[in-house]
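Here the structure is laid out as structure tokens; the discussion comes afterwards.
Numbers here are sequence positions counted from 1. Ligands are counted one by one from 1 in listed order, and the atoms in each one are counted from 1 as well.
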Amino acid sequence: MKSGGQGAGDAAEPAGGVGELKRAAREAIERRRDRLLQVSVYLQRHPETGFREEHGAALVADWFDGMGLPFETGLARTGVKARMKGRGSGPTAAVLGELDALLLPGHPLADPGTGAAHACGHHAQIASMLGAAVGLACVREHLDGDVVFFAVPAEESTELEWRRELVRSGELRHLVGKADLIARGAFDDVDMAMLCHTSGENAPRLSVGDSHNGSVVKRVSFEGRASHAGASPWRGVNALKSATLTLAAIDAQRDTFRDEDAVRVNAVMPYGGSAPTAVPDRAELDIVIRARTVDALRHACDSVDRAVSSGALALGTAARTETTLNYLPHHQDPVLVELCRANAETMFGREAVAQGWHRGASTDMGDLGEVMPVLHPFTSGAVGDAHSRDYRVTDHVAAAVEPAVLLAWCVIDLLASGAGEARRVLASRGPRRPAAEVRSAYEELRAGFDADSAFDGADYGGASPPCSRASADGNGIAGSGPEGVE
Ligand SMILES: [Zn+2]
Ligand SMILES: [Zn+2]
């Protein structure tokens, strides 16, 4: 799909007042409206999961090429980043678009081959990012700072085993896109970042200032010992029961989670034995822990770790836990939020703009918000619940074109007139620290969560291991396991 000649010089040069610049940017976006709608619809129908978004990345690169913007490709595998120079050397504001889809076979617009489907509306973000670039290109000579346009990969947590392999091989440093981009320094030359995400059905026209939970994923495995479930169950060490006790112990602690921390602990059991005729010698749990703050996340993780230990201890199994911080809690910059609100109210009217609320879901914009001021409004334009088979963007003007105007206007406010607003945003965060120092503190925060741990319930307190009792009874079915049972 060719972007065509949406060059920077196709609009009359505005006189320079902020209102004039905004009008010019809006008109430029309106002129490209059909092309932007095509991008949103086209990507919706060509979904790709995280770190595999080659098609979407190529489209973005082609668009940047058509605009004459210098750009880099292949950042965290598929990220594409362009820089538009302003007239001065002020702060750099980034407009982002997330490239990835979910893995959701059965979604009406799912790719029949891969099962990928845009059930979170990210395709519209790419169109709004490109639209903002079109709008800002015609006013760039009035901006006292640069604008980065960045198509970023892998916001969603999908195909985690494959991603863990990429981390182990050194190709990735983290499991989600923005975390990986931060770690490799791809945001070192950016001072603040924004994107506009689609909301769910019956959402307000625009919601400004929402926060999100952070999240940690734990993969827990319990190792016990198999035995014949009928003939010699006493010789077994039941890993499945360790797993079910762990779930019960987690549930028993839910009262300790404070309402304001918005803690969620959700688990599934991918494996709990292969046949009821044998005592299961292995069980696995995948657990996602979410909370509103880093401290609450740590508290909830401690609760889950104790629950795992209790399950292992009760049965005498060996528990191994692989813990990975998935996303940090997401909080938007209050100065950016107010600036966005003013623009949104101008565009849509005061009644149409909702005060943001706390969402139990998570996003890697939380990671970016840890290292720089971020803005993340939500727009209407979709039906269904996000991440469900019913979810799809149906109004691409609301989801893609109007957010392009909104984002362009926010950048104009930040970077026009000496970039005073951008400097105010940065000043509100206290003294600047070198990018490398910020990145290192971020990595340290992540590393405080990431760990592989082991707890052997059979070792506790010198209790007799179950095998000594079993071997003393002379049952004579030694070596009986799942393979040998009938
Ligand atoms: Zn999503
Ligand atoms: Zn999303």
Side-chain angles (χ1 to χ4, degrees), residues 40 43-44 46-53 56 76 78-79 95-107 109-111 114-129 150-160 163 175-181 193-201 203 206-215 217 264 266 288 290 326-332 356-369 374-396 398-400 403 407:
S40 184
L43 289 176
Q44 186 181 34
H46 294 82
E48 299 164 297
T49 53
F51 296 123
R52 300 187 195 266
E53 311 97 326
T78 49
V95 178
L96 312 183
E98 293 165 343
L99 285 160
D100 62 324
L102 287 148
L103 206 51
L104 201 60
H107 187 286
L109 296 178
D111 182 302
T114 65
H118 272 295
C120 207
H122 294 182
H123 57 93
Q125 288 183 38
I126 295 297
S128 64
M129 181 269 290
F150 204 160
V152 292
E155 188 275 335
E156 307 284 2
S157 287
T158 54
E159 301 177 290
L160 287 183
R163 293 187 191 182
L175 298 177
V176 291
K178 295 186 194 68
D180 195 77
L181 290 167
M194 65 185 77
L195 60 78
C196 187
H197 199 292
T198 52
S199 212
E201 193 161 330
L206 207 93
S207 173
V208 186
D210 306 57
S211 55
H212 289 84
N213 274 344
S215 86
V217 292
R264 309 275 190 277
N266 303 102
V288 178
R290 303 178 200 257
N326 218 19
Y327 308 99
L328 282 170
H330 172 229
H331 303 281
Q332 300 186 50
W357 61 91
H358 184 70
R359 297 176 184 241
S362 307
T363 169
D364 60 4
M365 272 301 261
D367 291 70
L368 204 52
V374 294
L375 176 69
H376 189 290
F378 279 90
T379 176
S380 60
V383 297
D385 278 345
H387 290 202
S388 80
R389 290 188 174 85
D390 300 330
Y391 189 86
R392 60 191 290 187
V393 169
T394 52
D395 183 345
H396 294 262
L407 295 169

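The distance from the CG atom of Asp111 to the CG atom of Leu103 is 10.0 Å, given to the nearest 0.5 Å. Taking CD1 of Ile126 as the start and CG of Asp100 as the end, the distance is 9.0 Å to the nearest 0.5 Å. Interatomic distance, His107 NE2 to Leu102 CG, rounded to the nearest 0.5 Å: 9.0 Å. Once rounded to the nearest 0.5 Å, the distance linking OH of Tyr327 with CG of Asp367 reads 9.0 Å.
Note on ring orientation: taking the six-membered ring where Trp is involved, the planes of His123 and His396 are tilted (angle from 30° to 60°).
Here His122 and His197 bring their ring centres to under 6.0 angstrom of each other.
Distances shorter than 2.8 Å separate the Zn ion (ligand 2) from the protein N/O/S atoms Cys120 SG, His122 NE2, His197 NE2.
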